[in-house]
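This structure is a prediction, so every number in the text was calculated from the model and none was measured. What you see below is based on every heavy atom in this structure, not just the backbone, and it leaves out hydrogens, waters and symmetry mates. Residue numbers run from 1 in the order of the sequence given.
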Amino acid sequence: MSERMLNTASVLLLIAAHAMAAEDYGAWPTLQPLFPSTGGGGIMIGEYDPVIFGDRCVTAFTAIEPNGTVHRNTVAFEAVPEQGGILCTNGRWRSEDGTATGTTPFRVFIRDGVKRGSP
């Protein structure tokens with residue numbers, strides 16, 4: 001086998017491996033009305049209902065502490081076309097009163113009106 005054929009075969013194998021490793025966002029579980037925070041600490045996230053607004057996915061939400069204290073927040077994600085839907089990724093949140101901000105690894109996939117949360 002020539003070196004050129006070997007290089008071509010190697011590139012094709014890498015492309016195939018990447019395609020097989022790509023996440024199937026449509027297989028993620030549907031977004032639940034209440035779910036654990038990616039930050040842990042027993043915080044539960046509620047009222048999470050992202051909508052696509054231009055090149056962003058946005059939603060207001062609550063973060064509920066184990067003692068019942070409720071914090072009101074908003075989050076904005078980049079809206080990226082993927083797999084026939086929109087992947088909401090690279091989320092940045094802030095508290096409604098402006099005293100706290102952060103990022104989230106959580107992602108949402110929206111296709112045909114169905115919202116799915118990253119596992």
Side-chain angles (χ1 to χ4, degrees):
M1 190 180 273
S2 74
E3 184 176 337
R4 183 174 182 185
M5 286 179 67
L6 221 88
N7 286 341
T8 301
S10 295
V11 168
L12 291 175
L13 282 172
L14 284 172
I15 290 170
H18 180 266
M20 289 187 330
E23 287 183 88
D24 179 4
Y25 306 124
W28 287 357
T30 54
L31 190 59
Q32 298 300 304
L34 193 65
F35 58 91
S37 169
T38 57
I43 304 288
M44 295 299 288
I45 303 299
E47 301 177 28
Y48 217 82
D49 190 22
V51 294
I52 301 163
F53 189 74
D55 64 350
R56 297 271 182 236
C57 303
V58 296
T59 186
F61 69 97
T62 57
I64 307 160
E65 294 184 38
N67 68 7
T69 302
V70 176
H71 303 275
R72 299 205 173 277
N73 306 282
T74 58
V75 65
F77 296 91
E78 295 173 19
V80 180
E82 285 284 344
Q83 299 177 13
I86 297 293
L87 178 64
C88 305
T89 188
N90 298 323
R92 302 186 67 76
W93 63 268
R94 69 182 292 278
S95 61
E96 219 174 58
D97 65 8
T99 60
T101 62
T103 60
T104 178
F106 190 68
R107 297 173 293 160
V108 176
F109 181 63
I110 305 170
R111 182 172 60 199
D112 299 328
V114 178
K115 297 172 185 178
R116 299 179 178 281
S118 56

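Cluster annotation: Phe77 is not connected to Leu87 through the hydrophobic network of ILVMFWY side chains, with a link wherever side-chain heavy atoms come within less than 4.5 Å. Put simply, Ile52 and Val114 are part of two different groups of oily side chains (I, L, V, M, F, W, Y) that touch within less than 4.5 Å, one to the next. A single hydrophobic cluster is not seen to contain both Tyr48 and Ile64; linkage of ILVMFWY side chains at heavy-atom distances under 4.5 Å, directly or through other members, places them apart. At a threshold of 4.5 Å between side-chain heavy atoms, the hydrophobic network of Ile, Leu, Val, Met, Phe, Trp and Tyr places Tyr25 and Ile86 in two separate groups. By the rule that hydrophobic residues join a cluster once side-chain heavy atoms approach within less than 4.5 Å of another member, Val108 and Phe53 end up as members of separate clusters.
His71 and Glu65 are linked by a side-chain donor-acceptor pair at a separation below 3.5 angstrom, with hydrogens and angles left out of the test.
The CZ atom of Arg92 sits 9.0 Å away from the CG atom of Asn90 when rounded to the nearest 0.5 Å. Atom CZ of Arg72 is separated from atom OG1 of Thr62 by 6.5 Å, given to the nearest 0.5 angstrom. Taking OG from Ser118 and CD from Glu23, the interatomic distance works out to 8.0 Å, rounded to the nearest 0.5 Å.
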- Apply side-chain contact (heavy atoms from CB on, under 4.5 Å) to the pair Leu34 and Gln32, showing each step before the final yes or no. CA-CA 5 Å; Leu34 193 65; Gln32 298 300 304; over 6 Å; no
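Between Arg116 and Trp28, the closest heavy-atom pair is NH1-O, 2.7 Å. Contact detail for Pro50 and Ile110: the closest heavy-atom pair is O-CD1, 3.9 Å. The minimum heavy-atom distance linking Cys57 with Ala79 is given by the pair SG-CB, 3.8 Å. Of all the heavy atoms in Val58 and Ala76, the pair that sits closest is CG1-CB, 3.9 Å. Between Pro66 and Ile43, the shortest heavy-atom distance links the atoms CD-CD1, 4.3 Å. Contact detail for Phe61 and Ile45: the closest heavy-atom pair is CD1-CG2, 3.8 Å.
The pair Lys115-Asp49 counts as a salt bridge, with a side-chain nitrogen and a carboxylate oxygen less than 4.0 angstrom apart. Between Glu82 and Arg111 no salt bridge is recorded (no basic side-chain N to carboxylate O distance below 4.0 Å). Under the 4.0 Å criterion applied to side-chain N and carboxylate O atoms, Arg107 and Glu78 are not assigned as salt-bridge partners.
The main-chain N or O of Gly26 is found under 3.5 Å from a side-chain atom of Asp24 such that the two form a donor-acceptor pair.
Using cut-offs of 30° and 60° for the angle between ring planes, the Phe35 and Phe106 rings count as parallel.
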